[in-house]
Each structure stands twice: as structure tokens, then as C-alpha cells.
Amino acid sequence: MNSIIPVSSSRYPAWKKCRILNAWVDDLMVEQVVDRLDEGILWTLNPDHLYHLQRNADFVEAYRQAAIVSSDSKYVYWGLKFLGRAIQSKASGSDIVPAYWRRHADNPDVRIFMLGAKPGIAEQARQRINGIAGREVVVGAHGPSMNFVNDPGETAEAIRMINECKATCLIVGLGAPKQEIWIVRNRHLMPTVKVCMGVGATIDYEAQAVVRAPQWMAQNGLEWVYRMVTEPRRYWRRYARTLEFFWLVLFDRLGLYRPPAKLGQTIAVANEVKAA
């Protein structure tokens, strides 16, 4: 099985996709991701995603539908390097989102809706971004309840709000795998939305409701330490369960890793990928 495959495009220089366990990561830096986000789905891969990708068939199916998968973690970046499939850099959702809205601050054809975080936080992010951009680049925001993904009525109301705003980009921060599965199941109901991103806590960061780790910690793979210290109740289970990431990457390096049989084979990617 190939573990590195080429991606060709009529509009951009060719790049590659690199396999880690049963997922593929696009070898793209933040600005290169933003260049290519004209349409389609962006997922931001981290060890917690890989934990769920060994167990959740709906999550695996959601990953099959991604146009771009970035490395949201230094550990994914280092894991790929250890496997001999190095990529240029980490490209986290919390860096891609501000790069995206800043790129389109003066583009009236781009209209963003933010869905996620605690009530009031998405609206706070909307006001902050629009204040910096000098226009209403974020046209709507909604912080749903904790039971949102299981409530058809609340889902229908969120979709109504998104469609009423005629949003072209939907940024969802509900946590994985909820946000990815929700996007895939409901995307067809939002006809004006061209770009979808699942970005976890990024809405909190954009609202400045949560402070990001210092740059030196993020660059050295210590952002998880900062999160554990500042928000232990939110993150301790996540980081405890993703310890298996290191074992699975070692198995991958030794040629012993196999995707869980009940979930099918590695997330399908054609031998030669054609980008739009």
C-alpha cells in the first residue's frame, strides 16, 4: 500500500498526501491550505481524531469526504517524520481560521457563519473579527446547547440561521467526532455553503474567551500541557486516551499496523488524486 501519493491540480503546484495510521494528511502549510479553500471540507487531524478513527465508522466516513486534511498537532507532524513521510509543518485549525478570514476580509463573496462553543462565545468571536476586518465577514454565529447534535429541532434552527445569512463558509467548533459527523450529515441542507471546517476550540480562541498556549510551547509540542493546566476538566480524558497514538505509530513504522477490520480499510484515497 502506498503511503505517499501525489496530488495534481490545474491551479496550484502539485503537493502530496501522506498516510498516518488510517488517515491521510495534506502536505500543506497554513497559507497553502487557505489558497485551496474555495470549496469542500477541511478537517484538522490530531491524535484524538486518530483515536476515534480506530473506533467510529461514521467518523471514518466523514474523513473520506474531506477535501483537505491538515496536521493540527505537532505529534502528527513528528509521527509522519518518524514514519519517513515528513510534511512541511503543522497547520492547525486555530491558525487556518484567522488566516482564512483575514485573507477574505475585503471579499464580499465570502460570508462566514460560526457554529459552536458555549452560548455567547461565537457571537463574541463574530464581533471581534468583524471589528478587525472592518466589515461583516462573519455574518452569523450560534452557540448551541450540549445536546445539539441529538436534537433535530435545534439542528433545523441552526440550519435555518445559516441559510438565512447565505453563508458561504461554515466554521464548526463542537469537538470531534461530533462536528465532523454533523457537517457531513447536514451539509446538503445548506446550499450556499461552499467551505466547511471542523476546528474544535478555535471559536473560543477567536473570541479570546480562552487564551492559547505561548508560541514556544506550541512550537515544541507542549500545547497539551498548557491546556491540561488551564482546563483540566475539559482535556484530561482526551489526552489520556490518545496515549495509544504513540504505540500505533510505532506499529505503523514496523509494518504491523492494520486498520480495524470492522471499519474497513484505510480511508480511501485514489493512487493519483485530482484536485479541483
Side-chain angles (χ1 to χ4, degrees), residues 33-34 37 41-44 46 48-49 62 70 72 92-105 107-187 189-213 227 230-231 233-235 238:
V33 171
V34 174
L37 275 179
I41 293 173
L42 167 73
W43 300 148
T44 58
N46 60 41
D48 189 56
H49 286 211
S70 73
D72 193 53
S92 65
S94 51
D95 292 319
I96 292 169
V97 167
Y100 182 86
W101 67 254
R102 288 178 188 277
R103 171 77 64 86
H104 295 290
N107 182 358
D109 293 329
V110 170
R111 299 177 297 279
I112 298 169
F113 192 100
M114 289 189 155
L115 176 65
K118 294 179 180 178
I121 299 298
E123 175 60 24
Q124 189 174 324
R126 185 188 75 83
Q127 293 181 16
R128 174 181 170 268
I129 292 169
N130 290 345
I132 296 170
R135 80 169 184 94
E136 198 174 5
V137 63
V138 182
V139 294
H142 178 55
S145 74
M146 293 293 290
N147 195 45
F148 170 69
V149 297
N150 299 313
D151 187 329
E154 194 173 355
T155 285
E157 175 61 14
I159 291 170
R160 183 197 65 76
M161 294 169 65
I162 293 163
N163 289 338
E164 193 172 81
C165 292
K166 294 183 171 56
T168 62
C169 172
L170 177 60
I171 293 173
V172 182
L174 301 173
K178 292 188 296 183
Q179 61 196 12
E180 291 81 8
I181 295 171
W182 189 91
I183 287 171
V184 166
R185 287 180 175 172
N186 294 286
R187 185 183 177 208
L189 300 173
M190 299 171 281
T192 64
V193 173
K194 298 178 181 178
V195 174
C196 295
M197 305 186 209
V199 293
T202 298
I203 294 174
D204 293 301
Y205 298 143
E206 287 299 308
Q208 296 187 333
V210 174
V211 179
R212 291 186 67 180
R227 288 178 173 180
T230 56
E231 298 182 89
R233 294 178 62 185
R234 180 173 182 177
Y235 287 110
R238 166 176 166 174

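Along the sequence shown, the residues carry numbers beginning at 1.
For the atom pair CH2 (Trp101) and CD1 (Ile129), the distance works out to 5.5 Å, reported to the nearest 0.5 Å. Distance check, rounded to the nearest 0.5 Å: OG of Ser94 to CG of Asp204 gives 11.0 Å.
Applying the ring-ring contact (aromatic ring centres under 6.0 Å, His included) rule to pairs touching residues 120-140 yields nothing, sequence neighbours excluded. Residues in residues 172-187 take part in these salt bridge (charged side-chain N to carboxylate O under 4.0 Å, His left out) pairs, two or more places apart or across chains: Asp58-Arg185. The stretch residues 138-158 participates, sequence neighbours left out, in these salt bridge (charged side-chain N to carboxylate O under 4.0 Å, His left out) pairs: Glu157-Arg160. Among residues at least two apart or in separate chains, ring-ring contact (aromatic ring centres under 6.0 Å, His included) pairs with a member in residues 132-152 are Phe148-Trp182.
Taking the salt bridge (charged side-chain N to carboxylate O under 4.0 Å, His left out) definition, one finds that Glu206 meets it with Arg128, sequence neighbours left out. Under the rule for a ring-ring contact (aromatic ring centres under 6.0 Å, His included), the partners of His104 that lie at least two apart in sequence or sit in another chain are Tyr100. Every residue meeting the side chain to side chain donor-acceptor pair (under 3.5 Å) condition with Glu123, not counting sequence neighbours, appears here in chain and number order: Arg126, Gln127. For Ser70, the side-chain contact (heavy atoms from CB on, under 4.5 Å) partners at least two apart in sequence or on another chain are Leu42, Thr44, Ala91, Ile96. Among residues two or more places apart in sequence or in another chain, the side-chain contact (heavy atoms from CB on, under 4.5 Å) test is passed with Ala122 by Met114, Ala141, Ile203. Thr168 pairs by the side-chain contact (heavy atoms from CB on, under 4.5 Å) definition with Val110, Arg111, not counting sequence neighbours. Taking the side chain to side chain donor-acceptor pair (under 3.5 Å) definition, one finds that Arg103 meets it with Glu31, Asp35, sequence neighbours left out.
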Is there a side chain to side chain contact (heavy atoms under 4.5 Å, CB included) between Val34 and Arg102 once you walk through the steps?
CA-CA 10 Å; Val34 174; Arg102 288 178 188 277; over 6 Å; no

Are Thr202 and Ile171 close enough, and set up right, to give a side chain to side chain contact (heavy atoms under 4.5 Å, CB included), and what steps lead you there?
CA-CA 9 Å; Thr202 298; Ile171 293 173; 5.7 Å; no

Given the rule in the side chain to side chain contact (heavy atoms under 4.5 Å, CB included) test, do Asn130 and Val137 qualify, once you have shown the distances and angles that lead to the verdict?
CA-CA 6 Å; Asn130 290 345; Val137 63; 3.5 Å; yes

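Closest approach of Gly93 to Pro98, counting heavy atoms only: O-CD, 4.3 Å. Nearest approach of Asp48 to Ala176, heavy atoms of both residues: OD2-O, 4.4 Å.
Side-chain contact between Asn46 and Ser92 is absent, with no heavy-atom pair separated by less than 4.5 Å.
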Extract all donor-acceptor atom pairs below 3.5 Å that involve side chains of residues 189-196 and protein atoms in other chains or at least two apart in sequence.
unit_1 : atom_1 : unit_2 : atom_2 : d
Thr192 : OG1    : Ala167 : O      : 2.6

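In this structure, Trp43 contributes its side chain and His49 its backbone to no donor-acceptor pair below 3.5 Å.
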